[in-house]
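We count ligands from 1, going down the list as the structure has it; atoms in each ligand are counted the same way.
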Amino acid sequence: MKYALISMLALSGATQAAAKTIYAASYAGPIFELSLTRAANNNSFSLSEVSRTLDCGSNPSWLALEKATGTLFCANEAYTLPNTGSLSSFSTNKAEDSSSLNLLDNVTTDYGPVQAIFFAPNRLGLAHYAGGAVSVWDTTDPGRLVELQSFHYFMDAPGPNATLQDKPYPHGIVADPTGRFVVVLDRGADVLRTYAVGRDGRLLELGAHFTAPGNGPRHGVFAKGPSENSKTFFYVLGELTNSLFGFEVLYNVSDGDGESGSGMGGISFRQFYNDSTYQTGFGSGSGTTLPAEIAVAEGGRHLLLSTRADGRSAYLNNTSDTIVSYGVDLDTGTLSLIKLTASGGAWPRTFAVSGDGTMVAVADQYSVPGRLVVFKRDPETGVVDDGVALAVWTTDLALPDGQSISCVLWDE
Ligand SMILES: *[C@@H]1O[C@H](CO)[C@@H](O)[C@H](O)[C@H]1NC(C)=O
Ligand SMILES: *[C@@H]1O[C@H](CO)[C@@H](O)[C@H](O)[C@H]1NC(C)=O
Ligand SMILES: *[C@@H]1O[C@H](CO)[C@@H](O)[C@H](O)[C@H]1NC(C)=O
Ligand SMILES: *[C@@H]1O[C@H](CO)[C@@H](O)[C@H](O)[C@H]1NC(C)=O
Ligand SMILES: *[C@@H]1O[C@H](CO)[C@@H](O)[C@H](O)[C@H]1NC(C)=O
Ligand SMILES: *[C@@H]1O[C@H](CO)[C@@H](O)[C@H](O)[C@H]1NC(C)=O
Ligand SMILES: *[C@@H]1O[C@H](CO)[C@@H](O)[C@H](O)[C@H]1NC(C)=O
């Protein structure tokens, strides 16, 4: 009942609504500010470009927004260049007198950043895939980004997948719901690396939780019920075995109040679920289908993931990759499959659910031309409506191998 009310309010809001802003990054260089608008005389939406910039550098991979200052951060994976990476900051057009996507700063980083998160105010964590590292940035002055820390990882011997696990490849970085811990997902080393967040916003290394050998953890998401006593769960995509893992998160509070640095306690994981993203037994689709992005919506009641190169879905009579939606039982962490729906193109590297849950924007990285698709979604049932998209936006800008849109983000 509560959700029905929320979604009705959201829909009535949308009829009068002003445009919604979406940012998209392309591996071919640009980042775009797009506007999703609804025609006043009918129900049709359209997605149009407001501005773009090439200032992020050669291969933008990830975007993060700092709401408080209206600053957009862009990670440049720079994988077409040898051994470099960069991080840049841009003003957005929230202030009336400034135009959007003006470069504020641009700094060199470790090689190959692929995910960036704010884990504390003014603290941005970057996972460096090819560089085998994590770095921490102070963004207090978005015009002067300062590197505070970097962690470099090493392995004695290659993992089970010798080609793709010859060294550590940190692909994901995520903050837990308490804001006290950060987890780094290392696709090369098959580990979840854990950190405590110190009072000064620096990370303190805690340990490493090994996951199934060869599974290649890529991205993860936390889910926690509404009450303070609710259990916490962590869901992880195993990129190299096309799998989804569920962990119960266990906290321990050691002596001290967590303020001295010695009494921060710990975080660990108890695996209770594993399956192929095909839901047909562990290992199905392994080696051919590559899961990419994972997210929760409706306060963790629903979970969505994307799979690349499965071609299991159809969009307007053409084959498409897939978005898989699950219900989450927030008491037990149990997942139940809701529906497989089309991503609307090829290789959905990322997607983002709108704040009210009524839309999902999907970045189909290998569609030609580069393609961003916005689908309608029912926040009550968790079903994505892949009949006809609400809006589609394309760009001819692509790398020679066809790679285009790498990331999508709502600014609401
Ligand atoms: C809806 O209205 C807009 C603006 O008048 C128009 O451009 C668009 O073609 C219309 N769409 C449909 C499906 O009628
Ligand atoms: C930011 O740095 C990257 C990497 O050095 C570079 O490729 C890019 O051109 C820089 N952007 C600007 C606007 O100078
Ligand atoms: C998946 O779960 C099954 C059943 O609990 C277990 O036997 C198997 O070892 C698990 N596999 C992995 C890779 O975790
Ligand atoms: C609590 O967490 C810390 C840090 O991860 C760990 O060193 C310690 O062994 C844990 N204590 C217990 C009782 O699990
Ligand atoms: C490594 O993983 C990729 C992607 O899943 C797969 O295609 C390849 O066969 C794997 N290689 C080995 C040696 O397992
Ligand atoms: C899809 O194929 C069906 C059956 O061939 C046809 O009726 C329909 O118009 C097609 N739709 C599109 C969007 O091409
Ligand atoms: C159908 O999908 C394939 C694979 O994504 C793509 O190469 C092709 O251009 C698409 N065809 C149309 C008509 O969109």
For atom 1 (C) of ligand 5, the protein heavy atom that lies nearest, with its residue and separation: Asn161 ND2, 1.4 Å
Can you tell me the protein heavy atom closest to atom 14 (O) of ligand 3 and the distance? Gln271 NE2, 3.0 Å
Atom 5 (O) of ligand 3 protein-contacted (non-hydrogen atom, under 4.0 angstrom): no
Show the atoms of ligand 3 that are less than 4.0 angstrom away from any heavy atom in Ala212. 13 (C)
Can you see which heavy atom on Ser276 is nearest to which on Gly281, and at what distance? CB-O, 3.0 Å
The atoms of ligand 5 lying under 4.0 Å from a heavy atom of Leu164, numbered in the order shown, are 1 (C), 2 (O), 3 (C), 4 (C)
Looking at atom 7 (O) of ligand 5, what's its closest protein heavy atom, distance included? Gly287 O, 3.1 Å
among protein heavy atoms, the one nearest atom 3 (C) of ligand 2 is Ser86 OG, 3.5 Å
Check for me whether Lys167 meets the cation-pi criterion with Tyr169, that is, NZ or CZ under 6.0 Å from the six-membered ring centre and within 45 degrees of the ring axis. yes
Heavy atom of Tyr273 under 4.0 Å from ligand 3? no
I'd like to know if the side chain of Arg349 pairs up with that of Tyr27 as donor and acceptor (distance under 3.5 Å, no hydrogens or angles considered). yes
Do Arg308's NZ or CZ and the ring of Tyr366 fall within the cation-pi criteria of under 6.0 Å and 45°? no
Nearest non-hydrogen protein atom to atom 11 (N) of ligand 3, with distance, is Asn274 ND2, 3.2 Å
For atom 8 (C) of ligand 2, which candidate among Asn106, Asp105, Val107, Thr108 provides the closest heavy atom? Asn106
the protein heavy atom lying closest to atom 9 (O) of ligand 2 turns out to be Gly57 CA, 4.3 Å
Give a yes or no on whether Lys339 atom NZ has more than 12 heavy-atom contacts from other residues, nucleotides or ligands under 6.0 Å away. no
Quick one: which ligand 2 atoms are inside 4.0 Å of a heavy atom on Leu103? 13 (C)
